[in-house]
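Right, one structure below, let's go through it.
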Amino acid sequence: MPCGPGHQLWLNDLQKSLGPDVSALLLAYDLAPEHTYPTQLKQAVELLRHLIETEGRNPSDLILGGDSAGGNLTLGVLSHLAHPHPEIQPLVLPSKIHAAMLISPWAVLTQTNTPAFVENAERDMFDARTLNRWAPAFLGSTSPFAGDFYSEPVLAAPDWWAPVADVVGEVLIWAGDNEILKDGILAFADKFTKGFSARGGLVHTVVTPKACHEEMIVERILGYKGDSGTGSQQAIQAWVKSKL
């Protein structure tokens, strides 16, 4: 789905809270089903390449981030930096990326039968039926085995994530306790943490009670001017501020 007003309002508020020395850059990547994977991953890598090689930005000044499918895409970029995708030109960084922020990352595309899909079916903003349509549209295949380590992060073993610690210093994984993706996010977080931390990387996994999928963005969609009471917005803000 395209970036909407809720995303822009939340990101604008976040940027303002961080001060004038911090800016936010959004990639307007092409959308499925017209443009299937790995189109978006190629575009994200090229944006990062442009920032570093053309604009001369230092990776140590950058925080990569994404929510939901954007979290999936952020992980795809990190995977590519550590294990170049066969269809995408490698990118060698002059230094580590400062940090990465994963908000409700879509880590499991092809499995929608975990307990959270039942427990949170009426607490979240969508359900398994939606994801079962979106995943094939994104992957360009109806095969349940169409995902790979770049497009479906939970499939990768801890060893896959170990060299990612050589390209990014610290990672935040955020999930809402009331979202249907929670089990998949935590399954991914367990594998990621084992591999990433074994190589010296720092991981913070936060599950906010009573929060749905990308709660802080949904709050903006519903018209809240600030946090609705879950504290999800403050949790993200505090983490980002601690990285500055």
Side-chain angles (χ1 to χ4, degrees), residues 1-10 27-41 43-44 65-76 79 101-156 173-192 205-224 228 230 232 236:
M1 296 177 66
C3 175
H7 293 81
Q8 295 176 24
L9 287 169
W10 174 73
L27 167 64
Y29 54 78
D30 290 327
L31 303 176
E34 293 81 7
H35 304 277
T36 56
Y37 167 81
T39 299
Q40 299 79 11
L41 181 54
Q43 293 172 337
D67 65 278
S68 197
N72 176 293
L73 181 57
T74 300
L75 285 167
S79 282
M101 175 175 63
L102 310 172
I103 298 174
S104 298
W106 195 13
V108 183
L109 276 65
T110 55
Q111 183 180 6
T112 55
N113 59 356
T114 67
F117 277 91
V118 177
E119 297 166 1
N120 293 332
E122 297 183 9
R123 299 171 179 165
D124 210 353
M125 60 190 296
F126 52 82
D127 61 20
R129 294 170 297 178
T130 310
L131 295 181
N132 286 333
R133 292 184 63 186
W134 285 348
F138 168 59
L139 296 171
S141 172
T142 57
S143 168
F145 307 107
D148 57 27
F149 293 172
Y150 304 90
S151 64
E152 191 158 11
V154 77
L155 298 177
I173 304 171
W174 182 92
D177 196 42
N178 283 0
E179 64 173 301
I180 59 176
L181 297 182
K182 180 181 68 173
D183 295 339
I185 293 171
L186 293 180
F188 153 74
D190 180 63
K191 292 182 176 182
F192 181 85
T205 299
V206 177
V207 180
T208 298
K210 299 182 180 180
C212 72
H213 185 69
E214 52 185 40
E215 173 82 18
M216 66 296 296
I217 295 168
V218 173
E219 289 169 344
R220 294 297 183 274
I221 294 172
L222 296 177
Y224 286 93
S228 63
T230 65
S232 56
I236 300 294

Just verifying a value: how many Å separate [X] [atom1] and [Y] [atom2], rounded to the nearest 0.5 Å?
X    : Y    : atom1 : atom2 : result
E215 : W174 : CD    : CH2   : 6.0 Å
D67  : L73  : CG    : CG    : 11.0 Å
F138 : L109 : CZ    : CG    : 6.5 Å
Q40  : S151 : CD    : OG    : 10.5 Å
D30  : Q43  : CG    : CD    : 4.0 Å
L75  : F192 : CG    : CZ    : 6.5 Å

Fill in the blank from the handout: So the side chain to side chain donor-acceptor pair (under 3.5 Å) pairs with at least one residue in residues 175-184 (sequence neighbours excluded) are S104-E179, T114-D183, D177-K182, E179-H213
Exercise for the section: Using side-chain contact (heavy atoms from CB on, under 4.5 Å) as the criterion, list what pairs up with I221, not counting sequence neighbours. Expected result: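 side-chain contact (heavy atoms from CB on, under 4.5 Å) list for I221, sorted by chain: I217.
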Practice task
Kindly write out the residues that satisfy side-chain contact (heavy atoms from CB on, under 4.5 Å) with A137, not counting sequence neighbours, or none if the list is empty.
Solution key: P33
Practice task
Measure from the side-chain N and O atoms of N72 to the backbone N and O of E152, and report whether any donor-acceptor pair falls under 3.5 Å.
Solution key: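 Side chain of N72 to backbone of E152: no pair is present.
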Problem - Counterpart residues, ring pair (Phe, Tyr, Trp, His ring centres under 6.0 Å), relative to F149 (two or more places apart) - result: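 Ring pair (Phe, Tyr, Trp, His ring centres under 6.0 Å) check on F149 returns W160.
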Problem - Sequence-distant partners of W134, ring pair (Phe, Tyr, Trp, His ring centres under 6.0 Å), two or more places apart - result: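 So W134 forms a ring pair (Phe, Tyr, Trp, His ring centres under 6.0 Å) with F126.
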What pair of heavy atoms forms the shortest contact from [X] to [Y], and how long is it?
X    : Y    : value
I180 : D124 : N-OD2, 2.8 Å
P136 : L131 : CD-O, 4.2 Å
P105 : L181 : O-CD1, 4.4 Å
V218 : M125 : CG2-SD, 3.6 Å
G176 : V207 : C-CG1, 4.2 Å

Handout entry: E219 vs S228, side-chain hydrogen bond (donor to acceptor under 3.5 Å, both in side chains): CA-CA, chis, key distance, verdict
Key = CA-CA 7 Å; E219 289 169 344; S228 63; 2.7 Å; yes
Problem - Residue pair Q8 / C3, side-chain heavy-atom distance below 4.5 Å - result: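 The answer is yes; the side chains approach within 4.5 Å.
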Handout entry: V154 vs Q111 side-chain heavy atoms within contact, under 4.5 Å
Key =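 Counting from C-beta outward, V154 and Q111 never come under 4.5 Å.
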Problem - Set of residues satisfying salt bridge (charged side-chain N to carboxylate O under 4.0 Å, His left out) with respect to D127, sequence neighbours excluded - result: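 Result, salt bridge (charged side-chain N to carboxylate O under 4.0 Å, His left out) vs D127: R129.
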